[in-house]
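Take a look at the structure set out below.
What you see below is based on every heavy atom in this structure, not just the backbone, and it leaves out hydrogens, waters and symmetry mates.
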Amino acid sequence: MDVHADDPDNHPRTPTRPVANPCPIHLTTHLTTPQGFGSGILSSYDDDKELGSKGPYHRTDYDAHIQHDLRNNRVFMDTEKFIELVFRQSADSENNSSRSAALTAITGDANFQNALTRFLDSAKGRGLEERLYPFIVSLYTAVLTLLDEHDPLPDDHSRKALKLAFSQNHPTHLVDAVIKDQSPDIRALFDTFTVDKKKLAFYNIVHCVEVKDTDLTLCRGNNDFRVIHEGRDPLQGLRPRRKGNQASAPDSGQASPAASDGTNSKPGKRARQDDDTDDRDSDLKISRQSGETLSVSRKADTKTQFCAQAQCARYAMEHLSNVILRSHSILTLFDRDRIQFEYFDRSVIAVSTAVDLLTEQGQNLFILMVYGLRRLSPEDLGLRNIVNDSLALCRTFESAAKGVDDGGTKTWHKMFYDVKMTIAGEEYTLKDIIFRQPGLIGRTTCVVEAIRSTGDEHVVVKFSCPAKTRVSETDLVQRARQCAESDEKHAWVLKHLPNIIASEDVDIGADSVQARMRDFLNDAEYADKQKYHYEDRCLRITVSERLHPITCLTSPREVAQVFLDVLQTHNWLYEVPKILHRDLSQSNIMFRKDKDANVYGVPNDLDLASLLSQIEGESSSTSLRRTGTPPFMAIDLQDPHKSQVRHLYRHDLESLFYVLVMFVCRYEFKGDHYVMRAKPPFDDWFDWTKSWTDLKKTKTDFFLATNATFIASQISPGLNHFEPWVLCLQSELREGFVKKAQAQAPIPSFQMDEEMLYAVEAGLVQAPVVEEPEKVDDETLGGAVTYWTFYPYMRHFDGQPLDVRRRKLGFSAPPPL
């Protein structure tokens, strides 16, 4: 194409309505992981079930993603090492005489022994797990009470006035819960609570306890990254449960039936049961790629194990989804008389080996854990201190009460209403939560409305936990603005760039739990020659001008103008400051209005954007995870067999096309804005349970097996003027995909037999000529997918030219033809 300027009077070609041209590309379906890498991709892209509208979500919405996090980010380690890292207590008590004396006093105390005996007696039988709750609470309470007596905290200790109180679950929904009817079996709160429990929030819970009664739920490490401790694989230290009848508890004096087989069994120890003891040897045959933390082939947990582990993960997700107040989550899982400690942050899931409360060693480890839990600082408990008087939020229900109306209905978006915080030296008052991303591993972004103390300006504050290696959105926007301000011919783009007012990065402390976990895991030795990489993250806080979503536009022409603006601005970012957005989705295409009500499209949220110098060659990945929002991600990026794919400019153009199609087909204008249609098409694109392969096939079929008549029929009646855009752009993309498929097709081979040779020699036929397929430029799919193939279709709408913002190119190099 001979195009040298973005000028509406320059017509390099006349857009024509394409016709369907299916290409016989056959995709092989494989069993793959669900979309994204775990729960970290669960965001507002599911516009049918957006939090605050049809929420809260149900457990099944998350299970597939949580399972992926558990299988690919769980580290199994020795209990003593876990307690040392998380609870700051070494099992070696020689250098801590006061602690040793306190623990010895507790183990010999009659109150503790009575609480322990009652608990073990309750664990002997079978029945509902609820019967165990009061005995577990009594056990915790006995240890805490005795610690107050034998090991009082000094007056200057950070936890002196913050005593823990354990209580069992009340049948109430926690007001800030992401998942419906989500509440831990037993919870630890600061004992200053005197408020209506109906207004309890997850962020008020300091420690969660999950209780099961199956003997089968504890993680055994056979699916995990296992840390070698003192030369021992933690998997080898597990005593398997044995099939057989139950025996009495330790105080009965009866011998265990298992004692006769020569195992190290105390008198009175009862036999255990296991649902998969027989395949224990096969559990050890784990197949993984060395050093690979994303694409891992491992045997899944049993159904019973997964149910329990997923429940713990959901509690942790509730904590981590509150990125403003929580940095990590610590839980305990009880399965009758065995327990397991679990730690979750946004980079790893760490699980301890099982602790057997029937043994003296197990009882000592439990007491040591409670000892450490009682002494942890608020920060080590996972409580962030970034908002004014953050501890008051966790000790009281003041903010939670604002999240519940008089009828008891949850309105979680007001959880931080009127909470004040200081960012970059200036005070802001938080208001409604606009968006909250639930997740375990990942950024867990939260966006909150706020009012600036100076001038009462309404802004938005974004909290997220990206990888520290990622260039910040603030730096990228600043780079773009400097380029725009340095040359008059680029000044037009200033109206189309985000405006960041302030930003601040909060790093983890050098002696924080995360820092200790990172240093240990990155240097540790693992079983099976594996290696787990702990991704270092920071809390990134960004204050920006509040922009408007495209659903707030009031006419189809305004919608078209915004899409053209985004196309041009996105291309300018790529050509001038050398930035690729990498996450064009409906929620990231926004607009602002000037005083004359003129609309200017803005490609917002450069959290996942990268400099081209970082992308080229993908030699230094800025994160371990794919970037993008699944329904809008390019087909190439959803290949389940490629853990890393270089993100190209054309991939963003493909994403922009998907946003256009989804908007004009799934939305309609009602009142003064656009809303979702009652029965919107393309629902399967937003199905969380779809695998990467299934979603890739769905999109491929859209291009290669969907005719123009069907696509046109899906467009909303009020947006039917977008039909030429959709069909023409689909045709360009289809042309590129066909070229790529033909270039990758195997070259047929011909072997002439005697009959064929005779025919050729006799001149009856010509010898077959096998031509190699024409090579296709992957950057543009043979020139089919570029800015210059999109722009001619999008610069006009309904027969009239749109406002072209950039009439003089000003590229650093000649534009591609």
Side-chain angles (χ1 to χ4, degrees), residues 1 11-27 550 556-557 559-560 563-564 566-567 584 586 631-636 638 650-669 674 676-677 679-686 694-742 776 780-802:
M1 293 179 61
H11 298 275
R13 77 161 88 173
T14 302
T16 58
R17 179 168 176 161
V19 295
N21 180 27
C23 173
I25 297 179
H26 302 286
L27 296 178
I550 55 176
R557 185 173 179 82
V559 174
F563 272 97
L564 176 60
V566 169
L567 174 73
L584 288 181
Q586 183 173 313
F632 308 114
M633 283 175 68
I635 291 175
D636 287 353
Q638 294 182 313
R650 69 167 172 85
H651 292 146
D652 274 11
L653 290 181
E654 188 180 336
S655 294
L656 182 64
F657 171 73
Y658 294 144
V659 177
L660 172 67
V661 172
M662 294 302 111
F663 185 80
V664 302
C665 292
R666 293 170 62 82
Y667 285 82
E668 61 184 353
F669 192 77
Y674 286 91
M676 182 77 65
R677 295 169 68 179
K679 294 182 179 181
F682 301 108
D683 266 348
D684 54 336
W685 289 44
F686 297 84
D694 290 341
L695 185 57
K696 179 180 178 180
K697 184 178 186 305
T698 297
K699 290 181 177 179
T700 304
D701 288 344
F702 173 78
F703 287 108
L704 306 179
T706 305
N707 61 49
T709 303
F710 172 78
I711 296 174
S713 69
Q714 302 302 305
I715 298 176
S716 298
L719 295 169
N720 55 357
H721 291 300
F722 282 98
E723 182 181 330
W725 283 29
V726 171
L727 298 182
C728 290
L729 294 179
Q730 187 214 28
S731 178
E732 295 288 352
L733 285 161
R734 181 175 60 234
E735 178 185 341
F737 293 142
V738 171
K739 286 182 178 180
K740 183 176 180 179
Q742 291 173 343
V776 173
T780 65
L781 293 183
V785 187
T786 70
Y787 169 80
W788 299 105
T789 56
F790 271 53
Y791 170 72
Y793 301 119
M794 296 177 64
R795 67 184 182 182
H796 290 81
F797 180 74
D798 193 18
Q800 299 296 320
L802 296 169

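- With sequence neighbours left out, the salt bridge (Lys or Arg N to Asp or Glu O under 4.0 Å) criterion links Lys699 to no other residue.
- Atoms CD and CG, on Gln730 and Leu660 in that order, are 11.5 Å from each other to the nearest 0.5 Å.
- Salt-bridge annotation for Arg666 and Asp683: present, with a side-chain N of the basic residue lying under 4.0 Å from a carboxylate O of the acidic one.
- The closest side-chain heavy-atom distance from Leu564 to Tyr791 is below 4.5 Å.
- Residues satisfying the side chain to side chain donor-acceptor pair (under 3.5 Å) test with Arg557, not counting sequence neighbours, are none.
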Could you go through the side chain to side chain contact (heavy atoms under 4.5 Å, CB included) check for Val659 and Val566 one step at a time?
-> CA-CA 12 Å; Val659 177; Val566 169; over 6 Å; no

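- Ala560 pairs by the side chain to side chain contact (heavy atoms under 4.5 Å, CB included) definition with Phe722, Trp725, Phe797, Leu802, not counting sequence neighbours.
- Expressed to the nearest 0.5 Å, how far CE of Met633 lies from CG of Asp652 amounts to 10.5 Å.
- Among residues two or more places apart in sequence or in another chain, the side chain to side chain donor-acceptor pair (under 3.5 Å) test is passed with Tyr674 by none.
- Residues Leu729 and Leu656 are not in side-chain contact: their nearest non-hydrogen atoms beyond the backbone lie 4.5 Å or more apart.
- In this structure, a donor-acceptor pair under 3.5 Å is present between the side chains of Arg677 and Ser716.
- A donor-acceptor contact shorter than 3.5 Å links the side chain of Glu654 to the backbone of Ile635.
- Contact annotation: the side chain of Glu732 never approaches that of Val785 to less than 4.5 Å [non-hydrogen atoms, C-beta and beyond].
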Decide yes or no on side chain to side chain contact (heavy atoms under 4.5 Å, CB included) for Asp636 and Arg650, but give the supporting numbers first.
-> CA-CA 10 Å; Asp636 287 353; Arg650 69 167 172 85; 2.6 Å; yes

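- Side-chain atoms of Thr786 never come within 3.5 Å of backbone atoms of Gly783 as a donor-acceptor pair (strictly under, hydrogens ignored).
- When side chains are defined from C-beta on, Ile711 counts as touching Val726, because their heavy atoms get closer than 4.5 Å.
- At a threshold of 4.5 Å between non-hydrogen side-chain atoms, the residues Met662 and Phe686 count as touching.
- With sequence neighbours excluded, the residues satisfying side chain to side chain contact (heavy atoms under 4.5 Å, CB included) with Val776 are Lys739, Ala743.
- The only member of Phe632, Phe703, Phe563 that meets ring pair (Phe, Tyr, Trp, His ring centres under 6.0 Å) when paired with Phe657 is Phe703.
- With sequence neighbours left out, the ring-ring contact (aromatic ring centres under 6.0 Å, His included) criterion links Phe682 to Trp685, Phe702.
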With side chain to side chain contact (heavy atoms under 4.5 Å, CB included) as the test, would you mind laying out the steps for Leu653 and Leu567 before giving the verdict?
-> CA-CA 8 Å; Leu653 290 181; Leu567 174 73; 3.7 Å; yes

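- Taken from NE2 in His651 to CD in Gln638, the straight-line distance is 10.5 Å, to the nearest 0.5 Å.
- Between Pro681 and Gln714, the closest side-chain pair of non-hydrogen atoms falls below 4.5 Å.
- Remark: the backbone N or O of Leu727 is not paired with any side-chain donor or acceptor of Ser731 at under 3.5 angstrom.
- Remark: Asn720 pairs with no residue by the side chain to side chain donor-acceptor pair (under 3.5 Å) rule, at least two apart or across chains.
- Leu733 places none of its side-chain heavy atoms less than 4.5 Å from the side chain of Leu781.
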